[in-house]
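This report refers to the structure that appears directly beneath it.
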Amino acid sequence: MAADLLYGLLPEHLLLGLIFILMLLDMFRANRQLGGALFAAVLAVGSSLLLYQLFRGYSIELVPSEIVIDRFALLGRLVILGCGLVFGLCSLMQANSCKYWILLVSSLLGALIIMDSAGFASLFIGIEMLSLPAFALMVSFTGSAGTGEGAFKYLLLSSVASALILFGISLAYGVTGSLAIRAFAASLSSGGVQNLTAAFLVLSGFFLKGAVFPFHAWAPDAYAGARLQVTAFLASLVKGAVVLGLARILTSLLLNGEIVATITVLSLASIFYGNIAAIRQTTFKRLLAYSSIAHAGYMMFALADSTGARVEALLYYVSVYALTTIIACTCFSLISHGEGDSLDLLDGAFATHPVPAGVLALAVLSMAGIPPLPGFLAKVFIFKNVVASGLLLPSVLAFLGSYFGAVFYLSVAFRLFSTAPAVDDATGEVGKNTAWGGVLLGTALLTLFTLVPGIFNLLL
Amino acid sequence: MPESLTILLLLTLPLAGALLVGVLPARNSILPRIVAMASMLVVLVLAAGLFYNFDGTIAGEPLGLNVPWIASLGVNLHLAVDGLNAYFLLLTALLFPVVLGSAWRTREAQFTLYLALLLVLEASLFGTFLAQNLMIFFVFWEAVLIPMCLLILAFGGEQRRQAAMTFFLYTLVGSVLLLAAVLLLGVEGLHQTGRWSFEFGHLEQLHLGWETELFVFCSIVLACAIKCPLFPFHSWLPLSYCEAPFSGTALMAGVLSKMGAFGILKLALPLCPEVSAVMAPYLEMLAVASIVHGAVIALRQEDFRRLVAYASLSHMGYIVLGIFSLQNTAMHGALFQVLSHGVTVVGLLLVLSVLEQRLGTSWRQVNALATSAPHLAIVLMLFILASVALPLTSGFTSEFMILFGAFQHAMAAWTSGALPIQLGAVVVAATVMVLSAGYMLRFGRTILFGESSCGTPLWDLNLREAMVFFPLLLVIVWIGIWPNPIMTRVGPAVSRLTQQVAGKSGLPLALSSLTSPDGGANGR
Amino acid sequence: MNQMTLIPLLPLLGFLINGLLGSRLPRRLVALVACGLPAVSFGLTLGLFLRLAEGGAPFTETLFTWAALPGFRLDAAFYFDQVTAVMCLVVTGVGTLIHVYSTAYMAHDRGFSRYFAYLNLFLFFMLLLVMGKNLLLLFAGWEGVGLASYLLIGFWYEDPEKTTAGMKAFVVNRVGDTGFVLAAFLIWFFAGTLDFLEINAFFNANQPTPAVMNTIALLILIGACGKSAQIPLHVWLPDAMAGPTPVSALIHAATMVTAGVYLLARLNGVFLHAPEAMTIVAWGGALTAFAGATMGLTQFNIKKVLAYSTMSQIGYMFMACGLGAYPAAVFHLYTHAFFKACLFLGAGAVIHALHGEEDMRRMGALAGRIPFTFSTFLLASLALCGVPPLSGFFSKDEILWSAWSAPNGSPALWLVGSVTAGMTAFYMFRAIFLAFFGPSNVPLLKQQGIHEPPASMSVVLVVLAIFSAGAGLLGMPGVLREQFGLSAPFFSFLSPVFAPGATGEAGHGTELVLMLISVVVTGAGILLAWVFYGRGRSLADRVRRGAGPVHELVSRGYYFDRLYEGVLVRGVDRLSEEVLAKRVESALHEGTLVKPSEGVRATTRLFARLQTGNVQAYLLYALMGLALILWWGVAHA
Amino acid sequence: MDKYQFLTVLSALLFTMGLAGVVVRRNLLVVMMCLEIMLNAVVLSFVTFAVRSQTLAGVAMTFFIYVAASCEIALAMAIVVLLLRHRCSLDLAAHQDLKG
């Protein structure tokens with residue numbers, strides 16, 4: 001049993017160990033680059049370990065009705081670690097202290113715990129561990145004034161969300177007398193006011209964390225307040241973990257009509273709101289924020305399906321979305337040299353930075369869902385389930401909503417090419433920037449997702 | 001070479017070329033252009049070989065390349081020549097080297113971005129035309145947009161940003177619904193057969209409910225009507241045609257617009273035969289509206305590119321008219337019109353582009369070409385003649401067959417009791433012959449004739465340009481004089497399609513059912 | 001490739017040689033190619049003609065299958081029967097002569113090789129037209145000659161007026177072509193074929209309904225009207241005189257404009273079963289003949305006089321077709337080709353002599369200066385007026401006789417024809433008196449250069465004059481035939497093609513009387529011309545002033561041009577600019593682009609306003625959302 | 001109404017009160033306190049249910065909640081200090097720079 005605890009949760013242990021080592025390193029003011037290197041190494045090891053477990057078909061219930069290692073847990077953690085690795089590589093240059101890595105790793109650890117959890121206690125712990133370091137990340141290492149405000153807004157709404165989730169959990173606990181998710185799911189199907197209230201409270205909490213309309217309003221300010229790098233982290237990993245957490249709770253649970261209707265309406269509202277509001281944005285981070293609201297809508301939309309393929313669709317969507325966001329942010333900072341986040345910086349960038357501009361263009365087009373980019377496939381995976389569940393009209397509306405998304409994604413892509421490039425192209429490339437490693441890895445992963453879109457279907 | 005390999009090469013060669021061009025040093029080097037041209041020419045040879053070897057007989061499912069992509073969804077990278085796409089394939093393969101050849105010395109051709117975009121565009125067009133899987137079709141259909149938009153954006157005129165945006169967003173409206181239709185079809189397939197599949201062969205077997213089919217049909221037709229464009233959906237057209245660089249306009253008018261026609265042929269008719277049969281008269285009327293609208297507006301256009309844009313609208317209307325006549329001859333006519341219009345409009349635009357390359361911005365004031373550049377004038381005259389559908393040019397072959405088929409169909413409808421609205425529409429479409437002569441000759445007169453007022457001397461055609469125009473003229477003349485050998489290759493596919501739709505509708509659609517084989521008639 | 005295929009292909013070859021290489025070849029060679037190849041064609045035609053004349057069967061040659069589908073098959077095939085033979089002889093014969101004439105006429109033009117290339121192209125298309133076995137090939141030639149005509153009218157393309165005239169010719173012809181195409185479609189729908197023989201056979205065997213027959217016939221008539229410059233599609237012909245004069249002679253007098261007559265004759269199987277349409281054809285022809293003649297009365301441009309005359313003469317031919325007297329129509333076509341070509345070329349010689357002067361008011365007294373030209377011109381005029389025994393007399397008389405005697409003819413029709421004949425004589429001699437007699441009004445500058453045409457032109461004039469004089473003898477009217485025991489080889493040659501029309505019951509006595517009347521009318525016309533213009537011109541001026549508005553109406557071509565310009569062209573232009581471009585386009589633009597984007601922009605503003613920056617507002621949104629969800633999901637459920 | 005129901009209703013009321021406080025109070029610190037009230041309400045509810053169902057899971061949960069709450073407050077205070085340094089005001093309305 002102890003061995004299983006060690007082996008089954010080895011990635012978590014690795015991260016925990018990493019946190020300790022980083023603390024020590026920080027204490028002894030070791031080389032700044034070392035933290036990053038360790039981070040990358042540990043995450044790589046963790047990912048490969050998960051892959052190994054995946055192929056061995058490893059599956060175990062470690063803590064009865066609290067921690068269960070199943071295919072979803074393995075894949076979800078793999079997605080988190082993979083994206084984390086890419087993110088880490090992308091932020092190697094900007095990370096100027098071990099503290100940064102400590103916070104990052106803590107947050108990732110929370111995300112991993114969410115993936116494992118089969119009970120509300122671990123889920124709650126995971127969620128808190130995911131978001132608390134994120135607040136700290138937002139306010140640390142910056143002299144900028146706005147960050148405090150953004151972080152506070154995030155913290156406040158996030159705390160309210162936690163409270164809502166907790167209250168929902170307590171109601172559920174009141175019904176079932178247990179914190180096991182499975183037990184609650186079983187009782188939910190029988191209906192009842194307390195059950196439904198609990199479900200909706202938990203759902204609202206997740207909507208708040210995931211920034212779904214009308215629980216979204218913190219996102220633009222929080223994203224705009226943080227550094228681009230942290231914004232990328234919030235938009236990709238944190239949001240991804242929240243969504244996957246929800247998927248973890250619901251797995252392929254059949255939801256009742258009211259919940260489906262609520263989810264559908266809110267998702268559509270999110271899609272429309274995010275995409276339309278993003279049109280008039282002039283800064284990259286706010287754009288990203290609104291875009292993330294819209295994407296939250298798509299991801300939640302996946303929950304409306306009743307065909308039982310939502311987990312696969314969500315895993316695909318989350319990984320693609322997270323990777324794309326990370327790559328887009330990295331490319332943006334490569335183009336803007338980390339100065340400012342006005343979209344004007346992108347004008348004609350293809351002439352000066354052809355490679356990052358090209359990758360950024362592809363990334364935003366992918367987010368817009370233009371085929372054959374992976375963003376399109378991700379949407380197809382979600383929508384085919386939803387259409388198959390008989391929700392044709394909402395799907396058509398969602399398509400229309402994504403049409404508005406295309407407007408602003410496209411204008412970003414167009415800015416890159418807007419002025420005809422000057423003849424003397426490609427001034428000095430951004431030389432030895434390790435962010436390239438992240439971009440490369442991310443792009444490689446995305447290419448893999450494009451070429452083998454059925455990957456999660458195969459692994460699940 | 002096996003067909004699958006050739007098809008794979010058609011797709012990968014341009015992409016590889018684009019990659020290669022991308023990494024080559026761009027600065028003042030002719031090398032990227034040579035690489036791009038070489039890959040286009042190889043592709044042309046391959047496509048021509050494919051066309052030549054395609055014997056037209058289809059036994060069951062078309063073969064070609066078939067690689068699973070999303071196995072769980074039944075999305076396979078299934079590409080094949082099935083007859084309907086043969087012309088489109090040839091047209092694409094032909095026009096790209098021609099366009100690049102004419103743009104050889106332009107400013108944009110100095111950029112590797114331009115060359116790469118062209119090559120990517122070519123690959124995605126091949127994908128669209130060869131697709132035998134609906135999802136693959138959709139993927140490529142959309143993928144075409146991006147390089148085209150970037151071409152406009154990076155190398156267009158003053159309002160290029162607005163033009164590119166308009167073009168993209170307008171076209172995307174159709175795609176949004178199209179995707180919904182695609183998914184709906186997949187889901188229908190899932191419900192009926194228990195498995196996901198987007199193969200055309202699979203989807204054609206489904207029995208859709210009337211509402212479903214209507215929705216699918218409308219979505220497809222909307223997407224295609226925007227792409228073509230068809231009358232009320234053409235607002236993006238003038239701006240895009242005027243703002244894109246000449247080569248972009250040429251490709252847009254020559255090939256991209258044909259995607260709309262192809263979509264109708266490949267998607268709307270086989271997938272929704274019942275609705276097609278019912279809706280055909282209305283779409284015919286829409287087509288006639290766009291024929292007339294385009295022609296009448298073109299009459300008073302001073303700007304040559306706008307004129308070509310509206311003329312293009314008019315000519316594309318003929319294609320749609322031909323298709324929705326649901327009749328063998330008209331369908332063949334429509335397919336010929338695809339080739340003919342593609343070649344003609346590209347020819348016209350490239351002549352203008354040659355002028356622009358010679359004269360810079362003052363090309364709009366050019367006149368008396370017949371004096372200053374007689375060879376160019378002859379070439380332009382030939383393109384004009386082809387576009388007024390003079391006999392012995394491709395324009396005549398196609399428009400004659402379209403109107404012929406549409407007329408026979410409308411007459412058959414009338415004699416079997418329908419109102420003669422369709423007939424009226426066809427007659428109106430026929431009278432547009434007069435208008436088209438009017439606007440094209442007016443255009444020709446302005447540019448070709450008159451007292452030469454151009455201060456700068458004009459270079460006549462050089463060898464490169466002559467080589468660019470030659471294949472276009474060859475196609476025009478060949479189809480004009482002897483279309484039969486080309487027709488026979490697509491014949492079986494077309495009859496299969498018409499029978500597919502005809503089987504669902506009450507009217508006698510194929511002439512064979514109208515007249516006895518010995519050429520007799522129902523009048524007896 | 002046999003002899004027959006070569007006939008049209010040789011001029012095409014000439015076109016290709018001169019068109020592609022002409023500018024680099026010496027003029028002599030260009031001329032040789034241009035004249036030689038049609039001459040060879042003429043020789044070949046002659047050979048075929050002789051074989052036909054010996055009683056051979058018509059020739060058929062299928063080149064290739066143009067298009068074949070199940071239930072649809074069209075071949076590119078040639079057919080050479082008696083009518084084709086006559087047409088081909090005229091086309092290649094007169095064509096070759098005019099080529100020869102042109103070598104001198106155009107000798108100093110910059111576009112020498114281009115001119116001959118176009119001319120050869122015209123011959124190719126014309127031969128395609130007359131030799132095509134089916135409507136498709138005929139249509140190819142039909143539009144092709146339109147193209148050649150367009151190119152040649154606008155041959156001097158620096159002059160915008162000339163290119164406009166060319167355009168006008170093409171566009172007006174297109175109107176007719178639309179009718180032609182629709183007729184072809186209708187024919188196919190009922191007969192399932194476009195082959196002439198099969199069409200005629202089909203409609204002779206069974207007629208769908210009279211309405212259908214009449215519709216088909218009228219659509220064909222529209223096509224024929226366009227090409228043959230019949231009212232109301234005649235407006236392009238006077239303008240077409242902008243082209244070089246030999247072109248007017250060849251295309252706009254001898255050959256192309258008569259294609260309509262050929263078409264009507266070819267499709268006689270259709271017309272014979274469409275009596276109402278036949279009547280319309282006959283009366284339309286008569287109307288055109290009359291109106292053309294009246295317009296010819298008032299013109300001062302020598303070529304325009306001839307142009308209206310051509311229109312009028314083709315009106316006669318249409319009349320004959322409408323009466324079912326196809327042989328008479330073809331006969332008139334054949335004689336007309338000679339004398340009208342001769343007249344045009346004569347006029348060309350005059351114009352050549354006067355360095356491009358076409359206005360008869362600035363001519364005069366030329367009879368003495370260029371007697372040779374004058375004599376050929378006079379001879380051809382007499383032939384045109386129908387002075388016996390010149391060719392025009394026989395052919396016109398045959399038509400007038402049909403007008404009287406044919407089943408759907410009537411004395412009224414005959415009367416119109418006869419009056420027209422009188423007017424014909426008047427305007428031709430008016431032209432002769434104006435141009436060749438009276439005081440000389442030639443500007444001094446041009447006086448010096450007046451000269452007889454060079455040899456190559458003269459020879460052609462002579463040949464044509466001889467034919468104008470003698471060609472009619474081939475087709476003696478019935479009464480003379482019987483009287484003198486002569487044969488009419490022309491009619492007997494054509495007899496296999498045309499079903500013998502129902503000849504009138506009126507006896508030969510009537511025919512003879514009518515003939516005499518027409519001679520008298522012609523003489524009266526000539527006399528009147530002398531009274532008005534030969535003696536001095538004061539009377540003419542007085543009458544013109546007296547007739548004021550009527551004269552205005554006639555000399556402006558009955559305001560057809562102004563009507564079309566003002567109503568149709570302006571109408572379409574206004575439709576284009578005011579309605580479609582301004583209203584429809586902008587409404588579409590507004591509706592599909594501007595309005596939606598404005599709507600979206602307004603929505604984005606609204607959404608941005610929601611994002612106040614106050615975190616408690618955000619909380620409030622969330623709370624409201626929560627409340628709604630709970631209400632909907634829990635309380636409501 | 002037995003005591004469990006009473007306690008549950010009480011906790012719900014407390015929760016609502018806290019929530020209302022978070023929404024309406026302007027002072028940063030008061031808002032944070034209201035947040036604590038919400039969490040306390042949750043704890044009360046957990047304990048109630050734990051007692052009613054005679055299980056320990058709910059009690060265990062309270063520990064987690066308090067740990068998380070204290071972390072949250074610690075972080076929140078740090079951020080409040082940042083905000084104060086920026087604007088010298090505890091009024092929430094003063095911190096509205098980010099919007100649109």
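Letters A, B, ... are given to chains in the order of the sequence lines, protein chains preceding strands, and every chain is numbered from 1. These numbers come from a predicted model, not from an experiment. Hydrogens, waters and symmetry mates are skipped; everything else that's a heavy atom, side chains included, is used.
Looking at C/Leu610, only its side chain comes within 4.5 Å of chain A, counting heavy atoms on both sides. At a 4.5 Å heavy-atom cutoff, the contact between A/Tyr290 and chain C is made by side-chain atoms alone. With a threshold of 4.5 angstrom between heavy atoms, A/Leu203 does not approach chain C through any atom at all. Heavy-atom distances place the side chain of A/Val160, and not its backbone, under 4.5 Å from chain C. With a threshold of 4.5 angstrom between heavy atoms, A/Ile259 does not approach chain C through any atom at all.
Counting heavy atoms of neighbouring residues, nucleotides and ligands inside a 6.0 Å radius, atom CD of C/Glu578 exceeds 12 of them. Shown here is C/Glu590, whose CD atom has more than 12 heavy atoms of other residues, nucleotides or ligands within 6.0 Å.
By the 30° and 60° cut-offs, the orientation of the rings of C/Phe170 relative to C/Tyr150 is perpendicular.
Remark: the C/Ser113 side chain and the C/Asn18 side chain contain no N/O donor-acceptor pair separated by less than 3.5 Å. Donor-acceptor pairing under 3.5 Å is recorded for the side chains of C/Asp109 and C/Trp156.
For the set C/Leu630, C/Leu619, C/Thr603, the count of heavy-atom pairs under 4.5 angstrom toward chain A peaks at C/Leu619.
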